[in-house]
Amino acid sequence: MNYNYLLYFSVLAQTEHYTTAAARLGISQPALSSAIHNLENALGGVKLFEKVGRNIRLTDEGRFYQETVDDAIKKLHSASLLLRDSKTHAPVVIRMGVVSGTLDGLLARKIEQYTRKNSRIRFHITESSSENLMDLVRHEKLDMAIVDSSNRDRSLHFRKLYERDFYAALPVTHPLAGRSSIDPQEIVLDPQIVFNYNVEKSFQEWTTGTPSDAAVICTVDTSKSALDLVHAGLGITFIPGPCRETRPGISYVPLNNWHQALYMCILYDKWLESPIWDFIELVVKAFRKK
């Protein structure tokens with residue numbers, strides 16, 4: 001049933017005058033007459049109005065139908081207002097992905113500030129490797145992700161945020177644990193725990209051709225898990241500065257002249273609610289000022 005036909009019928013039933021009803025509805029009188037005729041046909045040919053001289057009035061069937069239609073329109077209007085109001089006050093969930101070490105410091109403060117200013121905001125944060133996060137963005141399971149690789153996939157858009165320093169996390173018993181800095185090539189063949197796919201690719205670049213993947217003995221999802229295994233004596237790991245944790249038995253030594261860029265990753269041509277987009281812009285600007 002056409003909603004406009006019901007609305008037109010309701011107004012005409014109240015006024016019992018085509019010219020007045022058409023003016024109130026903002027349509028032409030012929031359009032109103034055509035709508036009422038179509039409505040009567042849809043009801044099986046029931047006459048809702050009858051002529052009385054130059055005017056019209058409701059038939060018995062019309063009066064019965066008016067009560068039902070007016071009640072339905074009132075309920076539909078109330079439901080529309082309720083939905084519109086709930087949309088205004090409903091929580092907005094920001095689904096964000098991050099690589100290890102990203103939540104430390106500036107980003108954590110921006111999340112806290114944003115939620116404090118907007119009570120509707122809720123965050124769902126996924127920590128994983130860049131490859132997995134980009135795949136989740138690609139399949140619209142995340143609104144955004146902070147990753148350490150700018151994939152060439154044209155469905156994704158990347159905006160550089162900043163560069164972070166890298167360290168070698170070594171057992172304190174390691175021969176180089178007391179050094180002030182280390183070249184990656186010095187330890188790239190040591191047993192390694194990898195917590196990020198793209199860092200593993202960087203290992204291969206650092207070795208200038210040496211197959212470093214042969215040294216990778218364990219792959220995990222987060223820096224914390226990598227440090228747990230370093231602490232247990234399984235091997236070493238390469239780790240961003242913000243991921244360092246004070247632990248007995250682990251020494252952190254800076255890597256010479258090596259930095260890792262982080263990027264804000266979103267899906268091209270993806271519509272995002274205003275609060276989500278505003279948060280993305282807030283984060284990008286904050287990091288670029290860093």
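Atom set for the values below is all heavy atoms of this structure, side chains included, hydrogens, waters and symmetry mates excluded. This structure is a prediction, so every number in the text was calculated from the model and none was measured.
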Is the shortest heavy-atom distance from the side chain of V284 to the side chain of L161 under 4.5 Å?
yes

Using atom types as modelled and distance alone, determine if a side-chain donor or acceptor of T115 lies under 3.5 Å from a backbone N or O of I111.
yes

Looking at CD1 of I217 and CG of L234, how far apart are the two atoms once the value is rounded to the nearest 0.5 Å?
3.5 Å

Checking R247 against V230 for the side chain to side chain contact (heavy atoms under 4.5 Å, CB included) test, could you report, in this order, the C-alpha distance in whole Å, the side-chain angles of both residues, the deciding distance, and whether it holds?
CA-CA 10 Å; R247 297 195 186 195; V230 173; over 6 Å; no

Determine the minimum heavy-atom distance between L229 and C218, stating which atoms define it.
CD1-SG, 3.6 Å

Nearest 0.5 angstrom please: L7 CG to L25 CG, how far?
5.5 Å

Against N132, only a single residue in S129, S128, S130 fulfils side chain to side chain donor-acceptor pair (under 3.5 Å); can you say which?
S128

Does the T59 side chain pair with the main chain of K47, one donor and one acceptor, at a distance under 3.5 Å?
yes

Linking I/L/V/M/F/W/Y whenever their side-chain heavy atoms sit closer than 4.5 Å, directly or via other members, would V93 and I266 fall into one cluster?
no

Return the set of residues passing side chain to side chain contact (heavy atoms under 4.5 Å, CB included) with V92 (not counting sequence neighbours), or none when no residue passes.
R120, I121, E273, P275, I276

Go through K75 and D71 one step at a time and tell me if the side chain to side chain contact (heavy atoms under 4.5 Å, CB included) criterion holds.
CA-CA 6 Å; K75 288 181 178 179; D71 184 56; 3.4 Å; yes

Closest non-hydrogen contact found for R164 with S100 is NH1-O, 2.9 Å

Of all residues at least two apart in sequence or in a different chain, which pass the side chain to side chain donor-acceptor pair (under 3.5 Å) check with S28?
none

Are any of the side-chain heavy atoms of I236 and P171 separated by less than 4.5 Å?
yes

Got a sec, which pairs hit salt bridge (charged side-chain N to carboxylate O under 4.0 Å, His left out) with one end in residues 11-30, sequence neighbours left out?
none

Hey, would you say the F238 and F166 ring centroids sit under 6.0 Å apart?
no

With a 3.5 Å distance limit and no angle check, can you tell me whether D183 reaches the backbone of Q185 through a side-chain donor-acceptor pair?
no

If we ignore hydrogens and angles and just use 3.5 Å, is the side chain of R244 paired with the main-chain N or O of I239 as donor and acceptor?
no

Side chain proximity check, L12 to I56, heavy atoms < 4.5 angstrom
yes

For I250 and V172, which heavy atoms make the closest approach, and how far apart are they?
N-CG1, 3.7 Å

Any side-chain heavy atom of I146 sitting closer than 4.5 Å to one from L107?
yes

Quick check: do V220 and D228 have side-chain heavy atoms less than 4.5 Å from each other?
no

Under the side chain to side chain contact (heavy atoms under 4.5 Å, CB included) test, residues paired with R154 that sit two or more places apart:
none

Neighbour count >12 (heavy atoms, 6.0 Å) for atom CZ, R63
yes

Hey, could you give me each pair passing ring pair (Phe, Tyr, Trp, His ring centres under 6.0 Å) that has a residue in residues 13-44? Not counting sequence neighbours.
none

Say whether L76 and F9 are linked into one hydrophobic cluster, either directly or through other cluster members, by side-chain heavy-atom distances under 4.5 angstrom.
yes

How long is the gap from NZ on K141 to CG on L267, to the nearest 0.5 Å?
13.5 Å

Apply side chain to side chain donor-acceptor pair (under 3.5 Å) to K224 and list each qualifying residue two or more places apart in sequence or on a separate chain.
none

Heavy atoms only: give me the nearest A286-L106 pair and the separation to one decimal.
O-CD2, 3.7 Å

Once side chain to side chain contact (heavy atoms under 4.5 Å, CB included) is applied, do any residues pair with A261, and if so which ones, sequence neighbours excluded?
K160, E163, Y263

List the steps and the verdict of side chain to side chain contact (heavy atoms under 4.5 Å, CB included) for L170 and I182.
CA-CA 11 Å; L170 313 172; I182 296 176; 3.8 Å; yes

Indicate yes or no for a side-chain donor-acceptor contact from T237 to the backbone of I193 under 3.5 Å, with no hydrogens or angles considered.
yes

CD (E40) and OH (Y5) are apart, to the nearest 0.5 Å, by 12.0 Å

In terms of heavy-atom contacts, A177 and V253 come closest through O-CG2, 3.6 Å

Would a distance-only check, ignoring hydrogens and angles, find a side-chain to backbone donor-acceptor pair under 3.5 Å from D143 to R95?
yes

With sequence neighbours left out, the residues meeting side chain to side chain donor-acceptor pair (under 3.5 Å) with R179 are E186

Can you tell me which residue pairs pass the ring pair (Phe, Tyr, Trp, His ring centres under 6.0 Å) test with a partner in residues 102-122, sequence neighbours excluded?
Y114-F279

Is there a donor-acceptor pair closer than 3.5 Å between any side-chain N or O of H231 and the backbone N or O of L227?
no

Reported CG-to-CD distance for the pair L43 and E61, which is rounded to 0.5 angstrom
10.5 Å

Approximate separation, where rounding is to 0.5 Å, of L136 CG and M134 CE
10.5 Å

After noting the C-alpha distance and the side-chain angles of E281 and R159, does the key distance pass the side chain to side chain contact (heavy atoms under 4.5 Å, CB included) rule?
CA-CA 10 Å; E281 291 299 309; R159 299 166 71 181; 2.6 Å; yes

Pairing residues for S10 by the side chain to side chain donor-acceptor pair (under 3.5 Å) criterion, not counting sequence neighbours
Q14, D70

Exam field: side chain N38 to backbone S34, donor-acceptor pair closer than 3.5 Å
yes

Transitive ILVMFWY side-chain link V11 to Y3, under 4.5 Å:
yes

How close do A21 and T15 get, counting heavy atoms only, and between which atoms?
CB-OG1, 3.5 Å

Do other residues, nucleotides or ligands put more than 12 heavy atoms under 6.0 Å from E67 CD?
no

Can you get from L6 to F64 by hopping between Ile, Leu, Val, Met, Phe, Trp and Tyr side chains that sit under 4.5 Å apart?
no

Return the set of residues passing ring pair (Phe, Tyr, Trp, His ring centres under 6.0 Å) with Y167 (not counting sequence neighbours), or none when no residue passes.
none

Could you list all the ring pair (Phe, Tyr, Trp, His ring centres under 6.0 Å) pairs where at least one residue sits in residues 172-192, not counting sequence neighbours?
none

Say whether F158 and Y268 are linked into one hydrophobic cluster, either directly or through other cluster members, by side-chain heavy-atom distances under 4.5 angstrom.
no

